[in-house]
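The structure displayed is predicted, hence computed values, not measured ones. This chain uses plain numbering: 1 for the first residue, then up along the sequence.
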Amino acid sequence: MSELVAVQLETLAAELKELRAICAQLVRDNAELRDRLENPTNIAKSTPRKLAPSSGHVISRRGVMTKALGAAAVTVVGGAALANRDALPAAASNGSNVTAGNQTTAEARTSVLYDGAAGFGGVVLLGNDSTYSGSSASYPAGLGGWAGAGATAGKGGVANGVYGFTDNGNGNGVVGVNSGLVAGSGAGVLGTASGAKNVAVQGHNAQGTAVSGTSDSTSANATAIVGVISSSAPGGFSSAVRGQNNGTAGLGIGIWGSHAGSGWGMYATSVSGIGLNASGGTGTGVNASGATAVVANGDTFGLSSSGITAVTATGGTVGVAAKGPTAVSATGGTIGISASGPTAVQATGTTVGLAAIGPTGVTASGATIGVATSGPTALAANGTTVGVAANGPVAVSASGTSTGVTASGPIAVLASGTTVGVSATGLTGIAVTGTGPLGRAIVAGATTKAATVLVTNAGTGPALRATTGPGSGASGTGSVVGDSHEATGVLGLSGGGDGVRGHSKAGRGGNFSGGAAQIKLTPGSLRSHPVPGETGDLYCDRTGRLWFCRKGGAKAAWKLVA
């Protein structure tokens, strides 16, 4: 290196040092000038500052020009800063400069404004503890926080990307807003996760609500919270929304849906599956209460449930109201359906109104009607112990276009009604079958003087017809058995026909036995036999004489027997 070059470099270094001193002096003067502008009383007290002394080196004409241009540039920058104070870091009296590793205070907004070309794909202001550069991002943003892991981790070992915190109970740790100024489907806050055990958005509150969604929209189909499984072939038991309560006691709810008006607390639909599937484990599948506890309308099943108690429903008006090809189908380990209410169960089915299976198929207690059903078969109940157990002023009311009630079991129907045990209408009002050698088709009991079972046929057919098998020949075997402790065993009443008629193809039409007498003829009101009669008539007149009609007719031939 020549001596001339060495001298020039030394001179240039001295000029740069002097220029730095001038710039520092200008910054101090600029701060003092701002202070004087804000506090006019300080103007009189201030004293002019001297520029930093020259280094004493000889400066060439080119060097003087360079120094002059530098000073001019610094002066322009200072003037622009006075015109737009937010463009520069705050002075000592109004905050501190933003410097790495130091705490920065501010009394005015600090802003990093991106003014680059369109299509920016990175993050404007980035807090980064990872090996990623930040020049590109899957979601370009004004503010970002990155934390790496494994090979991408930074030296600090930061685990979280962005953390918002506030002690203000009315404030928010993080706020995300989408103004919708430009139409689209973006979100105020978007959370994404790729791992099977990771969570896209998670809320935690040790004392209250962890996640809350609110919508003030008045449009149709507005929702506060939406969960979507986007796959058309999801895995088993995948769920769009899941509520889990880890409580082991009797309190707590998995999912709570409520409505402040007359709408629905919960709405469940399925295109071809099950709208609502409820399993109570060792408890109850569905427990419902209300003016109408359960209303179910199904093309195949209105309500299908299983459990120790399949359905428990208590309604102020109706316990269970359902309709469908099979309105209610319930299988219970102990009880198929247990319902109470003014009408405990009301089921209308195009095929079967109510089908229930269990040790007790249906048990219903109604203030007015225990069970009210209709359909081609109004009620079908199969119980290993009791088909239907019902009580109420009317225990069972069934109207069927084909069969009112069809039930089977050791006891097919057990009905206790304070007014009516079973009331059924249809081509066949009641069809019941009792199984086993001691099985009973119908067991009906009443506690009043009214009829326990009332059967009415408005047509010309029999009101009640009973048919049995071959029989065992044991005492009491028969199609109809009247068993009374003190009152009449069988009472036959007729307005114009026979009160009681017995017919047997091979046996006897009537067989009577009694401790007091086998047969008793109540004396009539005549002094002698009637004038008309039918051959075979027996008549006891009011004096106790017994007459036998040998030839019937308008003027029959009578013979005194005794």
Side-chain angles (χ1 to χ4, degrees), residues 402-405 420-434 440-444 446 448-562:
S402 298
T403 303
V405 176
V420 178
V422 177
S423 174
T425 60
L427 296 180
T428 300
I430 299 178
V432 293
T433 303
R440 294 178 175 84
I442 298 177
V443 176
T448 67
K449 294 182 179 180
T452 302
V453 177
L454 178 62
V455 181
T456 302
N457 187 349
T460 59
L464 177 63
R465 178 166 184 161
T467 303
T468 63
S472 62
S475 175
T477 299
S479 295
V480 177
V481 177
D483 188 353
S484 176
H485 293 288
E486 296 181 357
T488 301
V490 176
L491 175 64
L493 302 173
S494 175
D498 298 331
V500 175
R501 174 178 291 189
H503 174 73
S504 175
K505 291 183 178 180
R508 292 168 176 77
N511 189 332
F512 303 95
S513 64
Q518 290 78 16
I519 296 177
K520 176 183 177 181
L521 299 180
T522 302
S525 60
L526 302 177
R527 290 179 176 270
S528 182
H529 60 77
V531 175
E534 293 184 3
T535 302
D537 284 348
L538 287 174
Y539 182 79
C540 179
D541 63 24
R542 68 182 183 183
T543 63
R545 293 179 298 177
L546 179 62
W547 298 87
F548 176 72
C549 181
R550 299 176 59 185
K551 183 179 180 181
K555 294 183 178 181
W558 293 87
K559 181 178 181 180
L560 181 63
V561 177

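Counting all heavy atoms, side chain and backbone alike, A556 lies closest to P532 at CB-C, 4.1 Å. Listed here is the closest heavy atom pair of R542 and G524: CB-O, 3.2 Å. Annotation for C549 and G533: closest pair SG-C, 4.1 Å, computed over non-hydrogen atoms.
Side-chain contact between L521 and Y539 is absent, with no heavy-atom pair separated by less than 4.5 Å.
Taking T535 as the reference, nothing meets the side chain to side chain contact (heavy atoms under 4.5 Å, CB included) condition, with sequence neighbours excluded. Take R550 and apply the side chain to side chain contact (heavy atoms under 4.5 Å, CB included) test, not counting sequence neighbours, and it matches F548, K559. Taking the side chain to side chain contact (heavy atoms under 4.5 Å, CB included) definition, one finds that L493 meets it with L491, sequence neighbours left out. Residues satisfying the side chain to side chain contact (heavy atoms under 4.5 Å, CB included) test with V531, not counting sequence neighbours, are K555. Evaluation of the side-chain hydrogen bond (donor to acceptor under 3.5 Å, both in side chains) rule for R501 yields D498 as partners, not counting sequence neighbours.
Interatomic distance, OG of S484 versus CD of E486, reported as 7.5 Å (0.5 Å rounding).
Applying the ring-ring contact (aromatic ring centres under 6.0 Å, His included) rule to pairs touching residues 511-538 yields H529-W547, H529-W558, sequence neighbours excluded.
When each of P523, S528, C540 is paired with R545, the side-chain contact (heavy atoms from CB on, under 4.5 Å) condition holds for S528 and for no other.
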